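Structure first, commentary second.
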Amino acid sequence: MYKDIPKRMQGVLESVGIHNSQPTTTQRPVATVDVPYDQFAERLEPLLSAPYAEACRGVSRANWLGAVFASGAMYCTLLTRCWYKHYDGGIQRLNPQVLIIGHPASGKSFAKQLDDQIMCSMRAQDEEVRLAETRYKQEQKKRGTSSKAQKQDALVEPEGMIRYLPTKTSNNIFFRRLKRAKEIVNGEQLPLHLYMFDSELDSSISAQSGGAWIGKHDLELKAFHNELSGVDYANGDSINDILPVYWNSVTTGTNVSLHKKFTLRNINDGLCSRVAIFLMERANFKMVRKNVVDWKTNEELKQWGFKMEQLHGELPLERLVDHVYNLCELSAQEAEAAGDLVLDYLRKRAVFYATWFTIPRIVARQYNEFKKTGKLEVTDDDLKFSTLMYDAVIWFQDYFFGQMLQDSWDNAEREYVPRRKNSKNADAYSSLPETFTTKDVQQVLDLEMEAASKQCQRWVTHGFVERVKKGKYKKIISEIIF
């Protein structure tokens, strides 16, 4: 029965009492895993409040969690001028990357509709600078063809911030946007997040082999912890600088495109534990729901976007941070008891999403109070919400990537088997008394006297023994490994 079943799945089967035997005709396929949409929705429903309640309107109940993930990443991006203290003592920014996966025509477009409304504030801020850049390029073109225009004063390139980026953004432009995205907040210069939304995951995957996306996979990895990246080229247009990466994203795509992005070759680079991923409920043989534009909800989402952008400063979240620490510790104990290395791997970054996705509901509830006093209260419901986010992030990461991770580790163990070394010297050393002579070594290793003396000298050099007197040695360690 276990011949073709990966080790991790074998362990799960044995833990529930299913042992090696012939399968019966009533058993379900081992690979079948049902997504607990109803359970997630039941836990989420009593906790839905602003600004997530607005984001979930018009989205089917089974896909509420996807709406929370997508809108949460958008709200966190707009809260770019805020930070909190993580349990490791460091200052932590809000850096989510979200993937919404579903079959074609499964309703993934809700993410685009959320982006249209919530991120309107960022696009509005970019608009003036984009217009200035367009005028600059037009003037450059005119001066290339008009001798009269060439005599005018030198053009000055616009220096303003543009943070809402299309997928087809060159690396040079990306780093330029990254370098310019900064503000003085509370007296200190603070880098601000760039943001991308893409309704087709295939767009970025197809660009990986050439064009705009080359090199951005590395940036996706570094954005999660705001690690340093940079360029240093001879090209006169290159920024030649090293910068921390602040870049959030929301992307929708199909299972096919997902399996092009995450493969056995790259599954261990860390990106799979850095993304919050959600699988849409299947909509096979169903008509798309008729919808009427909810102008009131759209306006509320838009207003929340503008409001989030106005907040700045440290978020006092000690109770929430302590809670997610305890969640992570419990998962460590659970993983140890089950021997589950995948859970142990995924839990370490899920705590960030448990915090990040909970922050918008906390600040929305106390928006005016926080603006005035900088104070926030974390409630029991906030902790329940963060627990749900923690559980859901790990569940979907494990659903998509858990078996692939385990298979890659099992393959590595089979491929990299340590060579069994000749233990003749180690065995001979163990058989010698605490104090021994060169003649003793000659006998146990069957060597000439000169060779035995050289062996003793090698042991002295390695610090295994010390010389008592000529021809006599005392062990410092009881056993050697070579």
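From a predicted model like this one, the values you see are computed outputs, not experimental measurements.
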SB check Arg176 Glu159 (cutoff 4.0 Å): no
Residues which pass salt bridge (Lys or Arg N to Asp or Glu O under 4.0 Å) with Lys222, listed by chain and number, not counting sequence neighbours: Asp218
Aromatic ring proximity Phe400/Phe262, centre distance under 6.0 Å: no
Smallest separation among heavy atoms of Leu228 and Pro244, with atom names: CD2-N, 3.5 Å
Among Phe224, Trp83, Phe385, Phe69, ring-ring contact (aromatic ring centres under 6.0 Å, His included) partner for Trp356: Phe224
Donor + acceptor pair across side chains of Asp115, Tyr164 (<3.5 Å): yes
Donor + acceptor pair across side chains of Ser257, Asp202 (<3.5 Å): no
Donor + acceptor pair across side chains of Thr251, Asp198 (<3.5 Å): no
Working for side-chain hydrogen bond (donor to acceptor under 3.5 Å, both in side chains), residues Tyr52 and Trp304: CA-CA 10 Å; Tyr52 290 126; Trp304 275 122; over 6 Å; no
Salt bridge Asp116-Lys112, side-chain N to carboxylate O under 4.0 Å: yes
Whether Phe396 and Tyr37 hold their rings parallel, tilted or perpendicular, with breakpoints at 30° and 60°: tilted
Arg61 with Glu45: basic N within carboxylate O range, under 4.0 Å: yes
Ring centers of His225, Phe352 separated by less than 6.0 Å: yes
Cationic N near anionic O, under 4.0 Å, Glu157 to Arg180: yes
Donor-acceptor side-chain pairing of Tyr325 and Glu329 below 3.5 angstrom: no
Pair Glu300 + Arg57, salt bridge at N-O below 4.0 Å: yes
Any side-chain donor near an acceptor of the partner, Gln117 and Gln113, under 3.5 Å: no
Enclosure of Gln333 CD (heavy-atom neighbours >12, cutoff 6.0 Å): yes
Over 12 foreign heavy atoms within 6.0 Å of CG, Leu131: yes
Residues Glu133 and Arg177 bridged, charged N to O under 4.0 Å: yes
N-O pairing of Arg319 and Asp382 below 4.0 Å: no
Passing option when Arg81 is tested against Leu311, Leu192, Asn186 for side chain to side chain contact (heavy atoms under 4.5 Å, CB included): Leu192
Test of ring centre spacing under 6.0 Å for Phe40 and Trp64: no
Nearest-0.5 Å distance that lies between atom CG in Leu78 and atom CZ in Arg163: 7.5 Å
Tyr353 ring center within less than 6.0 Å of Tyr390 ring center: no
Check: Trp409/Asn268 side-chain N/O donor and acceptor closer than 3.5 Å: yes
Residue from Asn240, Asp241, Asn235 passing side chain to side chain donor-acceptor pair (under 3.5 Å) with Ser238: Asn240
